[in-house]
Amino acid sequence: MIGSLSAFHSVLFWSVCRAIIVSGLGVVLAVWLWRGRRLSERPALMGMLLLPLFIPDLPVGYMWRLTAMKLTQSELMIEVLYAGLLLCRATAIQLLVLLILPGSSASSEALHSWKLQPARDLKWWRGWCRLWIAGPLKAPVVAWTVGMLACFQEFEIAALMQVDDYPVSWTVWLFDAQGKGEVLNHCLSWMLQGAGTQIVLLLPLLLFSGRSQADSQGAESQLLQGNGSAAIVLPSLFIGVNVLLSIVRPVWLHGESAVRGLQLLWRTGAFQETVAQILHSLVPSLLSALLALQIARVLERCRSRFWLVALCPGLCGALFVSLSLLALFQLPAFTWLWDTWIPMTVGQVVYALPRAWLLILVLRVTRPASQIQSAVMLTGGSGTRGSQGRSLLWRLGSLRWLLATALLTHWCFWDVTVISTLRPVYFEPVVTRLYDEMHYGHVDSLMARAFLAIMIPVGVFALMAIVWQRSVRFVSGGSGE
Amino acid sequence: MSDELWKLASVRLRGDSVDRLADVSLSIGHGVTAIVGFSGAGKTSLLNVLAGMDTPDAGTVDGPLLQAGDARLPVYWSPQDGGLWPHLSVREHLEVVQPEDFANSADKLLADFDLAERANALPGQMSRGELSRLGVARCLAARPAVMLMDEPLAHTDPARRPAWWQAIRNAVRATECSLVFSTHEPEAAVAESTSIVCLENGTVVFKGATRDLYHQPPTLELGQFLGAVNWFDEEATAIWLNPAAELSGPVGLRPERLEIIPDEGGQFTVSSFRFFGSFAETTLNFTCDSTTHERTILTRQCEELCPLQRVRLNLK
């Protein structure tokens, strides 16, 4: 235990350092990508910049596993590769955070007004620092904190890329220890140290979030304002790198294998079984996503900020949630619930809650209520106008909620940690099967399964969107959008 | 048809720290109603409740109470932020909301609100003033039974504003609809509305005819909702207005009701004079029984007065 403890501490230290450095680089990149670009008014560009959030971690980790295996002679290169993948994800999350944060309460004019004061004494400098903390620095620091948490909690990519203990990751270390049968109390003790570290990482967020009450119409942070000198190059480069890393390279390397695998599954009759398993796995994820969104809606409407503590367990990551609930459901009072759907569902809801809250804020910020109400009022009209109102309402409201549900379901569906720790024994979700098989090399059927696991949920939600839109048109008398 | 459009009873709308609307009981009739109040008084909150966007935490809202069989859209609005749809062009905004039997009204509205050259622009490409005009034009295009406008034509060029108000006035007259609008501008409230609702800290402090509030304000505070007012309490009336007019008791007089006339035999002395374009501010002194009284009078006069000049006060 003592030897393990020392090993755990060095792993934890390494993970913290990586999270700080990567998220620091990420926030610089996110601020540069954001500058003067009004992303909330340009959904297509925003969607492209946020691409890493839509690509599941598990396939990404697997795709880069083979590359990592070729780099075993250089541990540094594995670390750099892993950090690069993390940087893409952290930057996307940080962009999302910048999108939802309210405007700075200190405008450029406010800063200049302060500078006009002649005396540059200690009081002046103290006021200057406070002004920056409440103003231009606020959004980047909050984004940095959220990026740090995301990097620190990352598990799937590290687990699949890991070759000879590299890249070093506390989540993988703890997950493996628990999987190898380490006593739960030891795992919980390490997990609590990890959670404590995350609370320390959260401190800047807690300190900065309470500094000002600027509303979303407030002045844009000075750091986020900018001219268009890098308006084309940097976003294009970021989007290009992401498309290359997340789509082009995997398809180039493994597309043929996936096609062969699909043919194999079809010939051997395993295709239907795989599709059924994926659909079966999708149902609890969808249920958890819907529950998390509803709870987040209630939290978002609560006037007291105190209720936001409900987000804290989820903010500490999937591993924290999984091991805490594992311990809880082993208590005598709750053992009767073990091996049912409840632990997994509760775990996914708790894990997804901060993300659901983030999505609701994004929905609110990017589409003010007055736009929705303007469409709602039209639905009171007859004929074409009423159907136009319903079509607008579908586009501005329902479709966006469906997309949010799809994204949250996608995150729940691809989360290995919660599912594999808390699932009932009789349920084998496709993601745990993929995770297990991905450790044992590259086979065509595995590629085909991974491809189907990505595409089928997308297809299901696309179908839901089409059916929903058609029903809106049908209700509107066939003269919709 | 009921005389009332909306009936609000004990409506309460909670805010983060204070109530946005506190125990509002109010009836709003047909015609043109202005909602006035200082910033944070609850104008937008009241309009949002009428529009159905905000649901009161307590109380009831009945309305809009329209004639049975009225086929028009019951209510449409122009919210403060425009509530415009980012994926639709200016022209599409008007075409989407216009009724089928008025399918060609978009061109006229684009011309009326000087938006013809921006017909294909998206909201993200427009200035705040253009967005404000588009919000109003869209509301008119919908030809509803009741229009709600939250600070219409805000951020627009003051020189062109009368023409755009004329377009609103014409539309109200042509479609026989009602209009409820909030404004910070006393001139707009006086010129456009027949009824007025004054709000302060989320409560209704006055409800009645706009002309009554303008010409006979019950208090100085209420009078100031519709612009500058000279307020004379009983003592001031006796000193400054009598015997020029046979008035008694507290009275509020608008600047155009008073005139300061140079008169060598006048009982008042000019202390200072400042001209602001649309009105002038003159401080007068009056000495009686070795007591000197001083008072600032607002008038519409352009003629400059000099310090120590003797004048008299004339009530028009």
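Order of the sequence lines fixes the chain letters, A, B, ..., with proteins taken first and strands second; residue numbering starts at 1 for each chain.
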Inset, instruction - Could you list the residues that satisfy side-chain hydrogen bond (donor to acceptor under 3.5 Å, both in side chains) with B:Thr44, not counting sequence neighbours? - result: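 B:Thr44 satisfies side-chain hydrogen bond (donor to acceptor under 3.5 Å, both in side chains) with B:Asp150 once adjacent residues are dropped.
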Inset, instruction - Drop me the distance from A:Gln388's CD to B:Leu88's CG, to the nearest 0.5 angstrom. - result: 8.5 Å
Legend entry - From A:Gln373 atom CD to B:Leu148 atom CG, the distance as rounded to the nearest 0.5 Å: 10.0 Å
Legend entry - Non-hydrogen atoms of B:Pro99 and A:Arg385 that approach each other most closely: CD-NH1, 3.5 Å
Inset, instruction - Could you pull out the closest heavy-atom pair between A:Ser374 and B:Arg138, with the gap in Å? - result: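 Here A:Ser374 and B:Arg138 meet closest at OG-NH2, 3.1 Å.
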Inset, instruction - Go through the atoms of B:Gln98 and report whether side chain, backbone, both or neither lie under 4.5 Å from a heavy atom of chain A. - result: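 Looking at B:Gln98, just its backbone touches chain A.
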Legend entry - Short side-chain to backbone donor-acceptor contact, A:Ser370 and B:Pro79, under 3.5 Å: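 Checked: no pair found.
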Inset, instruction - Please answer whether the main-chain N or O of B:Leu84 pairs with a side-chain N or O of A:Gln371 as donor and acceptor at a distance below 3.5 Å. - result: yes
Legend entry - Flag if over 12 foreign heavy atoms under 6.0 Å of CG, B:Asp19: yes
Legend entry - Flag if over 12 foreign heavy atoms under 6.0 Å of NZ, B:Lys108: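 12 or below, so no.
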Inset, instruction - Output the option from B:Ala51, B:Gly82, B:Cys139, B:Pro74 having the highest count of non-hydrogen pairs under 4.5 Å with chain A. - result: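 Winner by heavy-atom pair count: B:Ala51.
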Inset, instruction - List for me each residue that meets ring-ring contact (aromatic ring centres under 6.0 Å, His included) alongside B:Phe181, sequence neighbours excluded, and say none if there are none. - result: B:Trp165
Legend entry - A:Arg395/B:Trp85 under side chain to side chain contact (heavy atoms under 4.5 Å, CB included): CA gap, chis, key distance, verdict: CA-CA 10 Å; A:Arg395 187 188 170 115; B:Trp85 303 304; over 6 Å; no
Inset, instruction - Under 4.5 Å heavy-atom distance to chain B, tell me which part of A:Leu396 shows up: side chain, backbone, both or neither. - result: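 Only the side chain of A:Leu396 comes within 4.5 Å of chain B.
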Inset, instruction - In sequence, state the C-alpha distance, the side-chain angles, and the governing distance for B:His87 and A:Leu392, and then conclude on side chain to side chain contact (heavy atoms under 4.5 Å, CB included). - result: CA-CA 10 Å; B:His87 63 293; A:Leu392 275 169; 3.7 Å; yes
